[in-house]
Enquirer: 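Quick one: structure below, then a few questions.
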Amino acid sequence: MFQQFLQIGKRMMAETDVHRVLTVAMDGTIELSGAERGMIILFDKDGETRFETARNLKKEEIDHPEFEVSRTIINKVKSEGTPVCLRNALEDPALRKSTSAARLKLLSVICLPLRYEEKIFGVVYLDNRTVRGIFAAETGAFMQEFADFISLAAHRALEQKCLRNHVHALEGELRGKYKFEAIIGHHPKMVAILKLVAQVADTDATVLIQGESGTGKELIAQALHYNSRRRNHPFVPINCAALPENLLESELFGHVRGAFTGAIKDHAGWFERAEGGTIFLDEVNDMPPPLQLKLLRVLQTGEFSRVGSTELRHCHVRVVAATSVSLAELVTQKKFREELLYRLKVIEITLPPLRARGEDILLLAQHFLHQFSTKHGKAGLRLSEEAEGALLSYDFPGNVRELENIIQRAVVTTEGETLAALELPMPPAPSVTSPQEKWSSFHVAKQHVVETFERHYLTDCLRLAKGNLTQAAKLADLHVTNLYHKLHQYGIDPAAFKP
Ligand SMILES: Nc1ncnc2c1ncn2[C@@H]1O[C@H](COP(=O)(O)OP(=O)(O)OP(=O)(O)O)[C@@H](O)[C@H]1O
Ligand SMILES: [Mg+2]
């Protein structure tokens, strides 16, 4: 019995979903007590039923007049919090008074309160109609011990659920308030980034955005600008890699007449013209060293001078910079000034590559599909399951921009109503049987295949189960906790599969 108690207790504590906790608790109480039927009810703070689980008790039976005795007992336990253990309901004078004796016959009942910090938030009800006196007094006491375990597990699961809802609500609020609708992403790293963007947007702090090509660096820079009070001033993106040194200097800081051949009149640079706004220095890693010094100065003091002049000017411009290579690395190679790096990365945002964002791949694919199919008069176009699978297993070296291009090209060229995997202009998935191009160790290659398989399997399974975790776990014959961990590992959100 003690072994059983521990086993069931352990299983119950391993669950994080309220329904699963109640299911394990229900089966456990029936197993431990020898009851014929049972029910666990959790109440909300107004005393209304919030969750319930029953065994061998149908809805009709619960509503039936014969169940009246049980309802009386449940209500008593709910309001008084005292456990009830009746070997024979006929023995209870109070019940005998309130109900006809016929209905009481042969009924053995255990009813226990679920309590947390003195508050009753549920009850466990067990009965047996066939064996009179089946519940000994020790069983009642023992079951109350077990009920305290249920209370702990259920309360913890309820709190987690509450926390999850709270996070979802916060996320929604964040998007609504800061107009982040344009930025798609539910991956925890993206949510954390949006939160940081919301916190720092309206400050003057310099922000350094790092991330592979196409991960959305410019999009984040725009979000920083348009969610600040600078939004009515210019947002000026400058690509530091696209211009030769002297031109870049004159673009940024301006020049005076005669400063160089062709400088026929005075010219204000962006640090002047963008006054009050934001300058986005894209590919800042490519900024030539003499300009790095000038940039450092403007960041430190707000002062600069036009090319060909010594007159100091002052500006109030926020700088957001982006790089797709490690600036720290460039510092060690003496190609980037260390002080400038520290000035730039007052706030650091590192965008994860698309392949590490799990289900966000599908969210973004749907977003672009909607956008381009509407634009090209093909509204209603859908992705086939294979196409989704192909997208999930591709590693997107060009990140979101590449996904956007893939979807756009597929939308333009397709003639059907569903996009098939073959219509996506992507290189075929790497195969382990012909690994001529990229040879990797057995261990790495195997891991890749396993991950691809797991990802496909889990998404298929969730799709079949329409996002229901318990059902998906059943289909996969996995323990729900293991399934939950796997989904978390791959960033797959079951909610995305709910109809
Ligand atoms: N989270 C996202 N949600 C919606 N669209 C996105 C997202 N991230 C990127 N995009 C889109 O992908 C494209 C590339 O984004 P962006 O230009 O911001 O990336 P980048 O990191 O600056 O790229 P590069 O390094 O090539 O300059 C843009 O069209 C952008 O709108
Ligand atoms: Mg860019």
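Predicted model, so just to flag it, every value in this text is computed and none were measured. Each ligand, and each atom within it, is numbered from 1 in the order the structure gives.
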Enquirer: Quick check: does Gly216 get an N/O under 3.5 Å from an N/O on ligand 1?
Expert: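 For ligand 1, there is an N or O atom that lies under 3.5 Å from one belonging to Gly216.
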
Enquirer: Do Val400 and ligand 1 have an N or O pair less than 3.5 Å apart?
Expert: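 No - when backbone and side-chain N and O of Val400 are compared with those of ligand 1, no distance drops under 3.5 Å.
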
Enquirer: So which heavy atom in the protein is nearest atom 4 (C) of ligand 1, and how far is it from that ligand atom?
Expert: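 Result: Ala182 O, 3.2 Å.
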
Enquirer: Got the closest protein heavy atom to atom 22 (O) of ligand 1, with its distance?
Expert: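 Ranked first by proximity to atom 22 (O) of ligand 1 is Glu218 N, 3.2 Å.
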
Enquirer: Would you mind running through ligand 1 and noting each atom that sits below 4.0 Å from a heavy atom of Ile183?
Expert: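 Ligand 1 atoms under the 4.0 Å threshold to Ile183: 1 (N), 3 (N).
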
Enquirer: Hey, could you give me the CD/CD1 distance between Gln210 and Ile349, rounded to the nearest 0.5 Å?
Expert: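 Rounded to the nearest 0.5 Å, the CD-CD1 separation comes out at 10.0 Å.
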
Enquirer: Can you classify the ring geometry of Phe396 versus Tyr394 as parallel (below 30°), tilted (30 to 60°) or perpendicular (above 60°)?
Expert: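 Judged by the thresholds at 30° and 60°, the geometry between Phe396 and Tyr394 is perpendicular.
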
Enquirer: For Gly398, state whether at least one heavy atom is located under 4.0 Å from any atom of ligand 1.
Expert: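 Outside the 4.0 Å threshold, so no.
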
Enquirer: Check for me whether the distance between the ring centres of Phe271 and Phe253 falls short of 6.0 Å.
Expert: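 Yes - the distance between ring centres of Phe271 and Phe253 falls below the 6.0 Å cut-off.
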
Enquirer: Can you tell me the protein heavy atom closest to atom 26 (O) of ligand 1 and the distance?
Expert: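 Result: Arg401 NH2, 2.8 Å.
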
Enquirer: Starting from atom 29 (O) of ligand 1, which protein heavy atom do you reach first, and at what distance in Å?
Expert: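 Result for atom 29 (O) of ligand 1: Glu404 OE1, 2.7 Å.
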
Enquirer: Counting only heavy atoms not in Glu303, do more than 12 sit closer than 6.0 Å to its CD atom?
Expert: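 More than 12 within 6.0 Å, yes.
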
Enquirer: What's the shortest heavy-atom distance between Ala153 and Val21, and which atoms?
Expert: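 What the structure gives for the nearest pair is CB-CG1, 3.8 Å.
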
Enquirer: Within the supplied structure, the quantity of interest is the number of heavy atoms (other residues, nucleotides, ligands) at a distance under 6.0 Å from His370 NE2; does it exceed 12?
Expert: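 Counting other residues, nucleotides and ligands, NE2 of His370 stays at 12 neighbours or fewer.
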
Enquirer: I'd like to check Pro352 versus Arg357 (side-chain heavy atoms, cut-off strictly below 4.5 Å). Are they in contact?
Expert: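 Sidechains of Arg357 and Pro352: in contact.
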
Enquirer: To the nearest 0.5 Å, what is the distance between CG (Leu419) and CD1 (Ile407)?
Expert: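 Going from the CG atom of Leu419 to the CD1 atom of Ile407 covers 6.5 Å.
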
Enquirer: Backbone, side chain, both or neither: what part of Leu364 comes under 4.0 angstrom of ligand 1, heavy atoms only?
Expert: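 It is the side chain that gets close, since no backbone atom is under 4.0 Å.
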
Enquirer: Can Gly214 be said to touch ligand 1, with heavy atoms closer than 4.0 Å?
Expert: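 It does; at least one heavy atom falls under 4.0 Å.
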
Enquirer: Should His367 be counted as touching ligand 1, given the test is an N or O pair under 3.5 Å?
Expert: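 Between His367 and ligand 1, no N or O pair is found under 3.5 Å apart.
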
Enquirer: What residues, two or more places apart in sequence or in another chain, satisfy ring-ring contact (aromatic ring centres under 6.0 Å, His included) together with His225?
Expert: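 Counting only residues at least two positions away or on another chain, His225 forms a ring-ring contact (aromatic ring centres under 6.0 Å, His included) with Phe235.
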
Enquirer: Which residue and atom name correspond to the protein heavy atom nearest atom 3 (N) of ligand 1, and how close is it?
Expert: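 Of the protein heavy atoms, Ile184 N, 2.9 Å lies nearest.
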
Enquirer: Could you check atom 20 (P) of ligand 1 against the protein and tell me its nearest heavy-atom contact, residue, atom and distance included?
Expert: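 Of the protein heavy atoms, Lys217 N, 3.4 Å lies nearest.
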
Enquirer: Looking only at distances, can you tell me whether any N or O atom of Leu219, backbone or side chain, sits closer than 3.5 Å to an N or O atom of ligand 1?
Expert: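 Leu219 vs ligand 1: N/O contact under 3.5 Å present.
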
